[in-house]
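Just below is one structure, and these are the notes that go with it.
Order of the sequence lines sets the chain letters (A, B, ...), proteins ahead of strands, with each chain counted from 1.
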2 protein chains.
Amino acid sequence: MEQTERSNSIEKALRILLCFQAERPSWGVRELGGHLGFSPATVQRVLQTLKTHGFVAQDPVTRRYQLGVVFYAFVHALKGTYPITRTGRPFLQQLMADTGETVHLNIIEGQDRVCIDTVESPQALKASMPIGSRSPLYAGGSSKCLLAFWDPELRERYLQNLSAMKPFTDRTVTDPEVLRRELEEIRRRGYAASLGERNRGLGSLSAPVFDHHGQLLATVSLAIPEIRYQDAIHRNFCVRKLLYAARALSRVMGYESEEATGRK
Amino acid sequence: MEQTERSNSIEKALRILLCFQAERPSWGVRELGGHLGFSPATVQRVLQTLKTHGFVAQDPVTRRYQLGVVFYAFVHALKGTYPITRTGRPFLQQLMADTGETVHLNIIEGQDRVCIDTVESPQALKASMPIGSRSPLYAGGSSKCLLAFWDPELRERYLQNLSAMKPFTDRTVTDPEVLRRELEEIRRRGYAASLGERNRGLGSLSAPVFDHHGQLLATVSLAIPEIRYQDAIHRNFCVRKLLYAARALSRVMGYESEEATGRK
DNA sequence: AAACAATGTATCATATTATGGAACAGACAG
DNA sequence: CTGTCTGTTCCATAATATGATACATTGTTT
């Protein structure tokens with residue numbers, strides 16, 4: 001390992017916290033130390049501190065550590081920080097009720113799309129889009145829709161620094177030029193449609209939500225199993241309902257929907 | 001200020017993070033420093049570190065800080081850490097559908113009850129019980145129900161160290177002896193019922209959920225506006241549905257519901 | 001039973017790291 | 001232009017984090 005990276009203790013603590021994800025919710029001291037390259041003593045001390053503040057909890061019998069309940073407080077706090085989740089909820093619910101498909105709300109974070117709310121379809125065959133799940137901005141309908149309606153300057157910077165476009169399926173766009181054309185098409189139509197770009201067998205319809213400055217806030221998306229996505233009647237119906245929901249939400253968020261070239 | 005408290009830098013970072021709650025989702029550097037008694041330079045450095053890891057985000061125009069989106073990843077992770085939220089969801093939904101009242105799921109954390117999931121009533125007049133909300137273990141039906149069915153040793157320790165019982169309303173129990181008697185009554189009946197102990201005008205019905213060791217996992221609770229709570233027919237109906245849901249969830253969590261004195 | 005191999009945890013001298021006052025750089029108001 | 005707020009950077013000093021080592025438990029293997 002190179003020594004280029006100097007890490008202060010806070011960074012260590014954060015990296016430790018970030019290890020506690022759904023796929024691996026529980027860690028032992030030495031296990032974590034080995035995983036991150038920290039000494040067990042360090043991990044132990046950090047975990048102790050995290051524990052006294054409720055950021056992790058220790059199983060009294062196995063002595064292993066897991067995420068603490070303060071995070072539930074942050075779940076609550078996020079609703080104050082990103083008010084669109086609260087405002088958007090009824091619109092997502094209505095859209096799910098209308099279409100019977102899983103609905104989700106997404107924002108841009110760094111180089112990724114992040115799902116910040118979801119209303120799952122009650123159908124037996126349905127898409128799942130858990131809160132917190134991510135995808136790079138070039139893969140999938142919701143991602144491309146965010147990218148398409150993003151601030152032009154930020155989008156341009158993103159597209160130019162875009163190096164390797166790792167494909168997730170055989171349908172993932174991997175050519176920046178193709179991506180550029182598709183983004184234009186999405187802006188022209190007002191919504192994004194894609195099939196199996198991020199997850200095989202999963203289609204996506206996605207429309208933007210704007211604030212009172214006409215700036216992109218989020219996208220509302222439908223995640224639709226391929227078998228239903230390919231039914232043109234159902235898909236068109238979904239598009240209509242989706243656009244209706246996204247525009248209604250934009251209006252509530254303060255967007256004055258002008259005709260045609262309303263945005264600059 | 002006394003110098004009794006020594007704080008390492010991680011502790012500072014955690015205390016800073018904990019300031020970002022729903023009531024005050026956005027902070028400036030000096031504002032935070034003043035609030036916590038840290039120097040602006042320290043706060044600044046800590047926030048910088050938190051920012052590079054996505055724990056906070058900085059508004060590019062106001063330069064103020066708010067909670068970052070990594071917390072959405074933790075929302076997801078919590079479902080792996082506390083599987084009962086995932087398992088319990090359909091039961092909560094069914095119970096809400098049956099009763100029309102807001103349903104919530106609670107666990108013990110330290111000295112508090114914490115709400116870890118909620119399904120809100122669609123009625124115009126309804127109780128709200130946001131995820132992450134807390135209450136001391138002596139106040140309210142859900143709290144007392146947790147306390148009543150807790151590990152006897154831990155309960156005894158809690159009751160003995162119980163110093164000031166701050167009342168939330170004029171109905172909050174403030175006498176440890178009264179509390180003791182009520183807990184016994186709750187164990188005898190198998191559920192807790194209370195009115196206006198934590199929030200004026202709000203009633204609560206609450207039943208325990210056990211795991212395969214017969215240990216308390218959580219409580220399922222109904223939060224019912226007083227006007228409907230006082231309708232004995234509705235209340236009894238709710239109790240029946242509540243007990244049914246809590247027992248069904250216990251069974252799924254591995255609890256072998258033995259008759260009568262099944263627990264030690 | 002006994003030896004073993006894991007685990008989480010405590011200690012301590014060393015050196016790296018955090019600290020806060022002061023100075024800097026913008027934004028905004030008067 | 002001036003005054004007063006911001007967030008941010010610098011730097012010598014002092015306090016804190018560090019990992020090797022040892023210890024205490026646990027569960028497993030022999």
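- As rounded to whole Å, 7 Å separates atom P of dT17(C) from atom NZ of K12(A).
- Between Y72(B) and Y82(A), the distance from one ring center to the other falls under 6.0 angstrom.
- If you measure from atom CD of E11(A) to atom C1' of dT16(C), you get 15 Å, rounded to the nearest angstrom.
- For H76(B) and Q21(A), the side-chain atoms include no donor-acceptor pair closer than 3.5 Å.
- A search for salt bridge (charged side-chain N to carboxylate O under 4.0 Å, His left out) contacts involving E182(A) returns K144(A), not counting sequence neighbours.
- F71(B) has its ring centre less than 6.0 Å from the ring centre of F55(B).
- Distances from the side chain of S39(A) to the nucleotides dA18(C), dG19(D), dT16(D) place dG19(D) closest.
- The residue among T42(A) and R45(B) whose nearest nucleotide of DNA chain D is located toward the 5' end is R45(B).
- Rounded to an integer number of Å, the gap from CZ of F38(B) to P of dG20(C) is 9 Å.
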I'd like a table of atom pairs between the protein and nucleotides 4-8 of chain D - only N or O on both sides, under 3.5 Å - with the distance next to each one.
from: dG7(D); atom 1: OP1; to: V29(B); atom 2: N; distance (Å): 2.7
from: dG7(D); atom 1: OP2; to: R30(B); atom 2: N; distance (Å): 3.2
from: dG7(D); atom 1: N7; to: R30(B); atom 2: NH1; distance (Å): 2.3
from: dG7(D); atom 1: O6; to: R30(B); atom 2: NH1; distance (Å): 3.2
from: dT8(D); atom 1: OP1; to: Q58(B); atom 2: NE2; distance (Å): 3.0
from: dT8(D); atom 1: OP2; to: Q44(B); atom 2: OE1; distance (Å): 2.6
from: dT8(D); atom 1: OP2; to: Y65(B); atom 2: OH; distance (Å): 2.5
from: dT8(D); atom 1: O5'; to: Q44(B); atom 2: NE2; distance (Å): 3.3

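- S142(A) and T219(A) share no side-chain donor-acceptor pair at under 3.5 Å.
- Remark: S9(B) is in phosphate contact with dA17(D), judged by side-chain N or O atoms under 4.0 Å from OP1 or OP2.
- The interatomic distance linking I10(B) (CD1) with dT16(D) (P) rounds to 13 Å, in whole Å.
- Scanning both residues, M165(B) and V173(B), for their nearest heavy atoms gives CE-O, 3.2 Å.
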